J.: 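Quick one: the structure is below, and I'll ask about it shortly.
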Protein chains: 2
Amino acid sequence: MTTDRKKKALETRQKLLDTALKLFAKRGFEHVSIAQITTTCGVSKGTFYTHFATKYDIVLEKFQEFDAHYVEAAKKIDENLSPPQKIIALYDEQMIYLTTVVGKDIMRTVYTAAMTNQVEHVHYLIHPQRTIFELIRRYLEEGVEQNIFRKDLSFEAIEKMIQRAMRANVYDWLIHAEDFDLIKEMHVFTTTLLDGIRA
Amino acid sequence: MTTDRKKKALETRQKLLDTALKLFAKRGFEHVSIAQITTTCGVSKGTFYTHFATKYDIVLEKFQEFDAHYVEAAKKIDENLSPPQKIIALYDEQMIYLTTVVGKDIMRTVYTAAMTNQVEHVHYLIHPQRTIFELIRRYLEEGVEQNIFRKDLSFEAIEKMIQRAMRANVYDWLIHAEDFDLIKEMHVFTTTLLDGIRA
DNA sequence: TGATTTAAGTGACCGAGGTCAGTGAAATAA
DNA sequence: TTATTTCACTGACCTCGGTCACTTAAATCA
């Protein structure tokens, strides 16, 4: 049941989220304090923590929202391409999205949080139900049906490597200065890895 | 010239380093404060910062020391192996070392710092002069001489991918719980990638 | 030797993320 | 309607990494 109180609480939560993301975008995650966010919203510091467990959670929530984009991206991919080509096409799309829309700052936060806040459950970064992983899995299943992959590697092993290739390039993008072309690097790396997986 | 004063300062520095690493090993990096380190050493908090720029620097210094290990590891590698086999052998050695001696805690610190503290210069994690990278480069040069690699990939592109494969697996190790066998994962992944690089 | 410079060491202080006993009004129970 | 419970919200407080004006004794200079 949605009472007045719950509705108001949700409004507060949403306002905190919006304000935080706006400030992060303007000044960068590290340069925005919780106090800044809450005073901008006209609430106390403690209120932030009734809605979010940590500062990272704001970014993580937004990041999960981004996954919806991949469904759209997948629709644009030519159905006649080979499974490896589809994977490459999807990764190309994703890297364009990460560099132009999501940005380094948010990605750095997600990749840092995955290393530190991984106490309780599996981090979203490697969560099997992530939209992008489901898409990749579908393409790989196609590839298996078409007998284009090596038989000495298990489906799970191949799947893991393809996912890992993504994180590998994103991580290297994050630790490099502006001289790193994520789209190009991801393309070459994943293509080469897929060559090693082909029968 | 080594004056009495400089000698004593170096002693203080060394004591801070040893104490910090001992405490990190016992309680974990995140659970040891600078205050704990300095009071254990019988100096003030400020003293820590006359010798180290950040808390991370302690770990980074130790990490750089570890690189010396790879020269020894390289000596054990059979000279008759093919260049790709040598690379795999070296990575096998390195992963055993990381999991049994260095440990997840220190590695997590290094991999986090690489993302956040990369303002000034290139982080050591991707420093071209790292012993391990020099070794890899030598093996790759051997491979080029023997014509075993694809010709459509530049030497630098191949080198980058091999290095990236290492970070990919270490990063995935860091974000996974105990169910991740770094040695095995690194072996399969790098072998597959090298297959994709072979002519 | 005495005057001056240098730098290791000090500790009060800052702003940060995060905590928690307490408050008050809305929701529910009587 | 009145009593009780619930919970969004408060803000003083904690610990932490890091800063900096200052102290003091060793090193250097005259």
Side-chain angles (χ1 to χ4, degrees), chain A residues 1-21 23-24 27-61 105 108-110 112-113 115-120, chain B residues 1-21 23-24 27-61 105 108-110 112-113 115-120:
Chain A
M1 198 202 337
T2 309
T3 60
D4 268 22
R5 213 169 158 199
K6 271 185 186 156
K7 224 172 74 187
K8 241 193 134 201
L10 249 159
E11 269 171 37
T12 307
R13 191 194 137 89
Q14 194 59 44
K15 202 174 170 191
L16 281 167
L17 228 166
D18 293 343
T19 307
L21 286 168
L23 287 172
F24 291 164
R27 299 200 244 284
F29 182 81
E30 296 286 351
H31 298 106
V32 177
S33 70
I34 305 291
Q36 271 167 45
I37 298 166
T38 51
T39 53
T40 306
C41 284
V43 295
S44 80
K45 206 175 165 187
T47 300
F48 182 92
Y49 291 95
T50 54
H51 297 291
F52 306 98
T54 70
K55 193 184 170 190
Y56 289 113
D57 282 32
I58 292 266
V59 166
L60 196 63
E61 183 153 328
D105 193 56
R108 187 154 35 220
T109 308
V110 173
T112 304
M115 280 196 278
T116 33
N117 302 15
Q118 33 71 289
V119 196
E120 343 139 1
Chain B
M1 194 200 340
T2 310
T3 61
D4 269 20
R5 212 171 160 199
K6 273 186 186 153
K7 225 172 71 188
K8 243 199 135 198
L10 248 159
E11 270 171 37
T12 306
R13 191 194 138 88
Q14 193 60 44
K15 202 174 169 192
L16 281 166
L17 228 165
D18 294 342
T19 307
L21 286 168
L23 288 171
F24 290 165
R27 297 201 244 285
F29 182 80
E30 296 286 350
H31 299 107
V32 177
S33 69
I34 304 291
Q36 269 169 44
I37 298 165
T38 52
T39 53
T40 307
C41 281
V43 294
S44 79
K45 205 176 167 188
T47 300
F48 182 91
Y49 291 95
T50 54
H51 298 291
F52 306 97
T54 70
K55 194 184 170 190
Y56 289 114
D57 281 31
I58 292 266
V59 167
L60 196 62
E61 182 152 328
D105 192 57
R108 188 154 32 222
T109 307
V110 173
T112 304
M115 279 196 278
T116 32
N117 303 13
Q118 34 70 292
V119 197
E120 342 140 2

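None of these values were measured; they are calculated from a predicted model. Residue numbering restarts at 1 for every chain, and letters A, B, ... go by the order of the sequence lines.
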J.: Looking at A/Thr47, does any N or O in its side chain come under 4.0 Å of the phosphate oxygens OP1/OP2 on D/dT10?
T.: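 The answer is yes; a side-chain N or O of A/Thr47 sits under 4.0 Å from OP1 or OP2.
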J.: By nearest nucleotide on DNA chain D, pick out whichever of A/Arg5 and B/Asp4 is the more 5' one.
T.: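 Its nearest nucleotide being more 5', the pick is A/Arg5.
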J.: Would you indicate what A/Thr50 reaches in the nucleic acid, counting non-hydrogen atoms under 4.0 angstrom: base, sugar-phosphate, or nothing?
T.: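 Answer is base: heavy atoms of A/Thr50 come under 4.0 Å of a base.
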J.: When rounded to the nearest 0.5 angstrom, what is the spacing between NZ in A/Lys55 and CD1 in A/Ile34?
T.: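 With rounding to 0.5 Å, NZ (A/Lys55) is 6.0 Å from CD1 (A/Ile34).
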J.: State, to 0.1 Å, how close B/Leu16 and B/Phe48 come at their nearest heavy-atom pair, and which atoms those are.
T.: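 Looks like CD1-CA, 4.0 Å.
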J.: Report yes if a side-chain nitrogen or oxygen of A/Lys45 is closer than 4.0 Å to either non-bridging phosphate oxygen (OP1 or OP2) of D/dG11; otherwise report no.
T.: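 No, no such contact exists.
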J.: Expressed as a whole number of angstroms, how long is the span from B/Lys7:NZ to C/dG9:P?
T.: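 The answer, rounded to whole Å, is 14 Å.
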J.: When rounded to the nearest 0.5 angstrom, what is the spacing between CG in B/Leu23 and CZ in B/Phe29?
T.: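 It comes to 12.0 Å.
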J.: Take atom NZ of A/Lys6 and atom P of D/dC9, then tell me their distance rounded to the nearest Å.
T.: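 In whole Å, D/dC9 P lies 13 Å from A/Lys6 NZ.
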J.: Output yes when at least one side-chain N/O atom of A/His31 is less than 4.0 Å from OP1 or OP2 of C/dA16, else no.
T.: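 Negative; the distance criterion is not met.
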J.: Among C/dG9, D/dC9, C/dT28, which nucleotide has an atom closest to any side-chain atom of A/Thr3?
T.: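 That would be C/dT28.
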J.: Does the A/Thr47 side chain pair with the main chain of A/Val43, one donor and one acceptor, at a distance under 3.5 Å?
T.: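 Side chain of A/Thr47 to backbone of A/Val43: no pair is present.
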J.: Do B/Asp105 side-chain atoms and B/Gly28 backbone N/O form a donor-acceptor pair below 3.5 Å?
T.: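 Not confirmed, B/Asp105 side chain does not pair with B/Gly28 backbone.
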J.: Round to a whole Å and report the spacing from CZ of A/Phe48 to P of D/dC9.
T.: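 A/Phe48 atom CZ is separated from D/dC9 atom P by 13 Å.
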J.: On DNA chain C, nearest-nucleotide positions of A/Gly46 versus B/Gly42: which is more 5'?
T.: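 Result: B/Gly42.
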J.: Round to the nearest Å and state the distance from B/Arg13 atom CZ to C/dA7 atom P.
T.: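 Taking CZ of B/Arg13 and P of C/dA7, I get 17 Å after rounding.
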J.: At under 4.0 Å, does any side-chain N or O of A/Ser44 touch on OP1 or OP2 of D/dG11?
T.: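 No.
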J.: Taking OP1 and OP2 of D/dC9, is either one under 4.0 Å from a side-chain nitrogen or oxygen of A/Thr12?
T.: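 Yes, because at least one side-chain N or O of A/Thr12 sits under 4.0 Å from OP1 or OP2 of D/dC9.
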J.: Please report, rounded to the nearest Å, how far the P atom of D/dT10 is from the CG atom of A/Leu16.
T.: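 For the pair A/Leu16 CG and D/dT10 P, the rounded distance is 10 Å.
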J.: What nucleotide, of D/dA8, D/dA26, D/dG18, holds the atom closest to the side chain of B/Lys55?
T.: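 Of the options given, the side chain of B/Lys55 lies nearest D/dG18.
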J.: Return the value, rounded to whole Å, for the distance between atom OH of A/Tyr49 and atom P of C/dG22.
T.: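 After rounding, the reported distance stands at 22 Å.
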J.: Return the value, rounded to whole Å, for the distance between atom CG of B/Asp57 and atom C1' of D/dG17.
T.: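 Answer to the nearest Å: 13 Å.
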J.: What is the distance from NE2 of A/His51 to P of D/dA8, rounded to the nearest Å?
T.: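 My rounded result for the distance is 7 Å.
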